[in-house]
A.B. asks: 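One structure coming up, written as structure tokens, with questions to follow.
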Amino acid sequence: MAKAEDKLVSIVVPVYNEVLGLQAFHDSLVAVLQADTKIENEIIYVDDGSTDRTATLVRELHSKNPAVRLVRLSRNFGKEIATTAGIHEARGDCVITLDADGQHPVELIPEFLKRWQAGDKVVIGLRTANQREGLVKRYGSKLFYWLINRLAGVKLVPGATDFRLIDRTIQQEFVRMTEHGRITRGLIDWLGYQREYVPFKANPRLHGEASYSFSKLFKLAIDSVISLSVSPLFIAAYIGAVVLPLSVLVGLVMVVDALVGDPLNLNVSGSAYVVVLLLFLVGVLLVSQGIIGLYLSHIHTETQNRPLYVVDKQGSTGANEG
Ligand code: UDP
Ligand code: MG
């Protein structure tokens, strides 16, 4: 069969217990790929240690369509690592990552590809609305972006999702990044190049609940701040710079109090001063120790330098072909 182009597109989809919606997702994905693109493709499902029949279903999809590949991780490593594994496995001239829950509209893929063929190296889906997101998540994510853009060297754009296309040149650079505590889109942004945005409206999840609990999201936020920025380490120094003159001031008040009595009629007892000061300073110390601890724990996991993930080779299909 003569192809319009000798190019290969890799579609990377992390899946974790998605058996209920996966068939529908896959059908819509294949329909779009067949209808709107003339480019050959491979679809890599990274099974992130699902405990349901997700892997079995992907194996069935593979037996019907050899373009489907299953990369099975040996346990649940989390979405960021699963996506990373998929990007590592991709053999295409460009890689498109998206979620399997139907929230990233597959209809956008031809648009992504069009931009890529026009020369864009990074194309990013920009989420403009999501009706069913809770207040906590909405304002939490606002706060997160505000914080990270203040602290980190790279700007993260609010609404920029993991639904994105990267050219092979960027994929190859991405493979060289070895850190464990990672947020995939942050790393891709760090790699630079001109970024192009395609706005879309997120659909509600097809089935089930988002598996990201509040605590998981919180950890992800902390991870991203720590991995992209070192400025929290300086917070203690700044606080110290404020506290020192302040305590000198309080000391002066005490001296005045001792020498000329209480001219302002504050009537504060000596022990109250001590208690307030101690509490304050202990608080400052604990916070700064905690921040140092966070960085230390990251240094610890990074220096252990374990592999990022483990692929269950026997459970995977299509991994070593071609
Ligand atoms: N996912 C994963 N590992 C996990 C959690 C989620 O691979 O530990 C996948 C999930 O199957 C889906 C995508 O990551 O394809 C997005 O997950 P979800 O919808 O739960 O999170 P959201 O980002 O929408 O809050
Ligand atoms: Mg989702």
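Counting starts at 1 for both ligands and their atoms, in listed order.
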A.B. asks: Please find the pair of heavy atoms, one from Leu70 and one from Ala55, that lie closest to each other, and give the distance.
C.D. replies: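 So the two residues come closest at CD2-O, 3.9 Å.
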A.B. asks: Is a side-chain donor or acceptor of Ser316 paired with a backbone partner of Arg72 at a separation under 3.5 angstrom?
C.D. replies: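 Here the side-chain-to-backbone pair exists.
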A.B. asks: Can you name the nearest heavy-atom pair linking Phe77 to Val310, along with the distance?
C.D. replies: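 Scanning both residues completely, I find the closest heavy atoms to be CZ-N, 3.5 Å.
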A.B. asks: With Tyr309, which residues qualify under ring-ring contact (aromatic ring centres under 6.0 Å, His included), at least two apart?
C.D. replies: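 Checked Tyr309 against ring-ring contact (aromatic ring centres under 6.0 Å, His included); matches are His88.
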A.B. asks: Which residue, Lys7, Glu196, Lys121, forms the side-chain contact (heavy atoms from CB on, under 4.5 Å) with Trp116?
C.D. replies: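 For Trp116, the side-chain contact (heavy atoms from CB on, under 4.5 Å) check succeeds only for Lys7.
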A.B. asks: Can you list the atoms of ligand 1 that are under 4.0 Å from a heavy atom of Glu18?
C.D. replies: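 Checking each atom against Glu18, I get 10 (C), 11 (O), 12 (C), 15 (O).
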A.B. asks: Please identify which atoms of ligand 1 are closer than 4.0 Å to at least one heavy atom of Ala100.
C.D. replies: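 So the atoms of ligand 1 that pass are 15 (O).
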A.B. asks: Angle subtended at the Mg ion (ligand 2) by OE1 of Gln103 and OD2 of Asp101, to 10 degrees?
C.D. replies: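 Nearest ten degrees: 90°.
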A.B. asks: Taking 4.0 Å as the limit for heavy-atom contacts, which would you say applies to Asp99 with ligand 1: side chain only, backbone only, both, or neither?
C.D. replies: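 For Asp99, the contact with ligand 1 is made by both the backbone and the side chain.
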A.B. asks: If you count the atoms of ligand 1 from 1 in the order shown, which ones are under 4.0 Å from a heavy atom of Val15?
C.D. replies: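 Going through ligand 1 atom by atom, the ones under 4.0 Å from Val15 are 7 (O), 11 (O).
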A.B. asks: Please tell me if the side chains of Leu165 and Arg115 come closer than 4.5 Å, counting only heavy atoms from C-beta onward.
C.D. replies: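 Of all side-chain heavy-atom pairs linking Arg115 with Leu165, none is under 4.5 Å.
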A.B. asks: Of all the atoms in ligand 1, which lie at a distance below 4.0 Å from a heavy atom belonging to Asn76?
C.D. replies: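 Listed by number with element: 3 (N), 4 (C), 8 (O).
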A.B. asks: Has Asp99 got an N, O or S atom lying less than 2.8 Å from the Mg ion (ligand 2)?
C.D. replies: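 It does not; every qualifying atom lies at 2.8 Å or beyond.
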